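One structure is given below, encoded as C-alpha cells.
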Protein chains: 2
Amino acid sequence: MNDIAAPQKASKPRPTKDRLIRAAAQLFSNRGYHGVGLAEILAEAQAPKGSMYHHFPNGKSDLAMASATWASDQILLLIAASFEPSDSFVEGATTLCHKLADLFEVTGKWCGCPISSTLFEGPDNAEFHSHAAHLFEGWITEVDYHAQRLGLPKERAAMAAQNFYILLQGGWQLARVRRDSQVIRALPALLHYKPAAPGEACSDT
Amino acid sequence: MNDIAAPQKASKPRPTKDRLIRAAAQLFSNRGYHGVGLAEILAEAQAPKGSMYHHFPNGKSDLAMASATWASDQILLLIAASFEPSDSFVEGATTLCHKLADLFEVTGKWCGCPISSTLFEGPDNAEFHSHAAHLFEGWITEVDYHAQRLGLPKERAAMAAQNFYILLQGGWQLARVRRDSQVIRALPALLHYKPAAPGEACSDT
DNA sequence: ACACATCTGGACCAATCGGTCTAGACATGT
DNA sequence: ACATGTCTAGACCGATTGGTCCAGATGTGT
C-alpha cells in the first residue's frame with residue numbers, strides 16, 4: 001500500500017504501475033467496478049495486459065483495491081490541505097467543500113465517490129467491503145483528528161466528523177445528480193456547529 | 001409507468017413482468033447495473049429469456065428503467081406512509097428513518113439506493129441520468145409537499161426536503177458501510193428543525 | 001560479457017455477456 | 001372448430017469479458 005504514493009526507491013522513471021492505478025481509479029469512479037473492462041483500463045493507461053498481471057497478480061480485483069487506496073489517499077491529502085491552514089472546524093470543512101466543488105467544475109467530470117464506485121459495486125466479496133469500510137473510517141478519523149485539534153471536545157469532534165462525512169457523501173451524490181456543484185458549496189451551512197449552545201437544540205428526536 | 005404498480009386490468013394472476021421487475025430491482029440495488037447478468041435476473045424471477053424480451057423489448061436497459069421506477073415508487077409510498085400520520089416534519093422524518101432502518105435489520109440486506117445503483121452505474125447514457133434525476137427530484141418534491149403541509153414556510157420546506165435527502169443518502173451509505181442501522185436512526189437529530197429560533201443558529205457560513 | 005531479475009508485449013483461452021429468433025403453449029373471440 | 005394475439009421456452013449467436021501463458025525486451029550487478 002505504501003509503495004503506491006511514493007515512487008519506487010530506485011530511480012526508475014517508468015510509472016506503469018502508477019498509470020494503471022490512476023486510469024483505473026478514474027474509470028472506476030465514473031462507471032463502477034463492473035462497468036469498466038480491463039481492455040479500457042489498459043488502453044487508457046497505455047499498458048499491455050502482461051504488465052498489469054505482473055504488477056497485480058490477482059488481476060482486476062487487485063487493481064481495484066490499489067486504485068481505491070490511492071484515491072482514498074488523495075482525499076486524505078485534500079482533507080489535510082483544507083483543515084491544516086484553518087482556524088476552525090467549520091472553516092476547514094468549508095474549504096474542503098469548495099475545493100471539491102472546484103474540482104468538479106474545473107474537470108467537468110461528475111464522477112462518483114471513488115471508493116464506493118470501485119469497491120461497493122464489485123462482487124459482494126468480504127475483502128472489498130472491509131477494505132472500503134477501512135478507507136472510509138480513515139476519512140472520518142482524519143476529520144475527527146482535525147476537529148479535536150481545532151478545539152472541539154472529543155465527543156463533539158467524533159459527531160462532527162461523522163456528520164460531515166454523511167453530508168459530504170449525500171451532497172456529492174446530489175451534486176452528481178444535478179451536475180451542480182452549488183449543492184456541495186452549501187453543505188457547510190448544514191453543519192450547525194454551535195460551540196456553546198447546549199439548550200433547546202432540536203424539537204424532538 | 002402506471003401499469004407497473006397495479007395488476008393488469010384483466011384478471012390475470014400471472015405476474016411474470018412483476019417478478020422480473022422485482023428481481024431486477026433487488027439484484028441491481030445490491031450489485032449495480034453492470035454487476036448483474038440477465039441470466040441471474042431470469043433465474044431469480046423464474047422467467048425465460050423470451051418472456052423478458054417480450055415485456056421489455058429493449059432488453060436490459062428497459063428492465064433497469066422499469067425496476068428503478070418501481071423501486072422509486074416504493075420509496076414514495078414509504079415517504080407518504082411516514083409523513084401522512086405525523087404531526088410535524090421532524091416526526092415524519094424520524095418515522096421514515098426508523099422504517100428504513102427496520103427494513104434493513106429485518107431483511108438483513110444492506111442494499112444500496114436502488115436508483116443510484118441501477119441507473120448511475122449503468123452506461124453514462126443520458127437517458128439513464130435524466131431518469132434518475134427525475135426520480136430523485138420526485139422524492140424531494142414529495143418530502144417538500146409534506147413539509148409544507150405540516151406547517152413549514154415554503155422556503156424552509158424546500159431547504160428541509162433537500163437537506164433531508166442529503167442526510168438520507170449519506171446516512172444510507174454509511175449504514176451500508178458499517179452494516180449498522182443506528183446511523184440511519186440517528187439522522188433526524190441532524191435535521192436541526194427549529195420552529196421558532198431565528199437568532200444565533202450557526203457560527204459562520 | 002555474462003547471468004539474472006524485472007518488466008513488456010500480445011496471442012490465446014474458456015466463460016459469460018446481452019441480444020435475436022422461432023416454434024409452440026395458451027387463452028380468447030367468433 | 002378455427003383464427004388470432006399474447007406470452008413462454010430455450011436454442012443459438014457474435015462480441016466481449018477476465019485470465020493465462022510465454023517469448024523477448026530491458027535494466028543491473030559482477
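In this text, all values refer to a predicted model and were calculated from it rather than measured experimentally. In the text below, chain A, chain B and the rest are named by the order of the sequence lines, each starting its count at 1.
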Nearest whole Å is fine: how far is [N] [atom2] from [X] [atom1]?
X	N	atom1	atom2	answer
A/Asp18	C/dC7	CG	C1'	15 Å
A/Asn58	D/dT20	CG	P	9 Å
A/Leu42	C/dA11	CG	P	14 Å
A/Lys49	C/dG9	NZ	P	15 Å
B/Met52	C/dT20	CE	P	10 Å
B/Leu63	C/dC17	CG	P	15 Å
A/Tyr53	C/dC13	OH	C1'	12 Å
A/His55	C/dT8	NE2	P	4 Å

- Choose from D/dT8, D/dG18, C/dT8 the nucleotide whose nearest atom is closest to any side-chain atom of A/Pro48.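 Output: C/dT8.
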- Query: Which nucleotide, D/dT17, C/dT6, D/dC7, lies nearest any side-chain atom of B/His54?
  - Reply: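 That would be D/dC7.
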Parallel under 30°, tilted from 30 to 60°, perpendicular over 60°: which one fits the rings of [X] and [Y]?
X	Y	value
A/His134	A/His131	parallel
A/Phe104	A/Trp110	parallel
B/Phe164	B/Phe83	perpendicular

- Query: When the nearest nucleotide of DNA chain C is assigned to B/Tyr33 and to A/Ser51 on a heavy-atom basis, which residue is associated with the more 5' position?
  - Reply: A/Ser51
- Does the ring of A/Tyr53 carry A/Lys60 above it, NZ/CZ under 6.0 angstrom from centre and within 45° of its axis? no
- Message: Measuring only between side-chain heavy atoms, which start at C-beta, is A/Arg31 closer than 4.5 Å to A/Glu40?
- Response: yes
- A/Thr16 side-chain N/O to C/dC7 phosphate OP1/OP2 under 4.0 Å: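 Checking A/Thr16 against C/dC7: no side-chain N or O falls below 4.0 Å of OP1 or OP2.
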- Task: Identify whether any heavy atom of B/Lys60 sits under 4.0 Å from a base atom; if not, whether one sits that close to sugar-phosphate; answer base, sugar-phosphate or nothing.
- Result: sugar-phosphate
- Message: Please classify the nucleic acid contact of B/Gly50 as base, sugar-phosphate, or nothing, using heavy-atom distances under 4.0 Å.
- Response: base
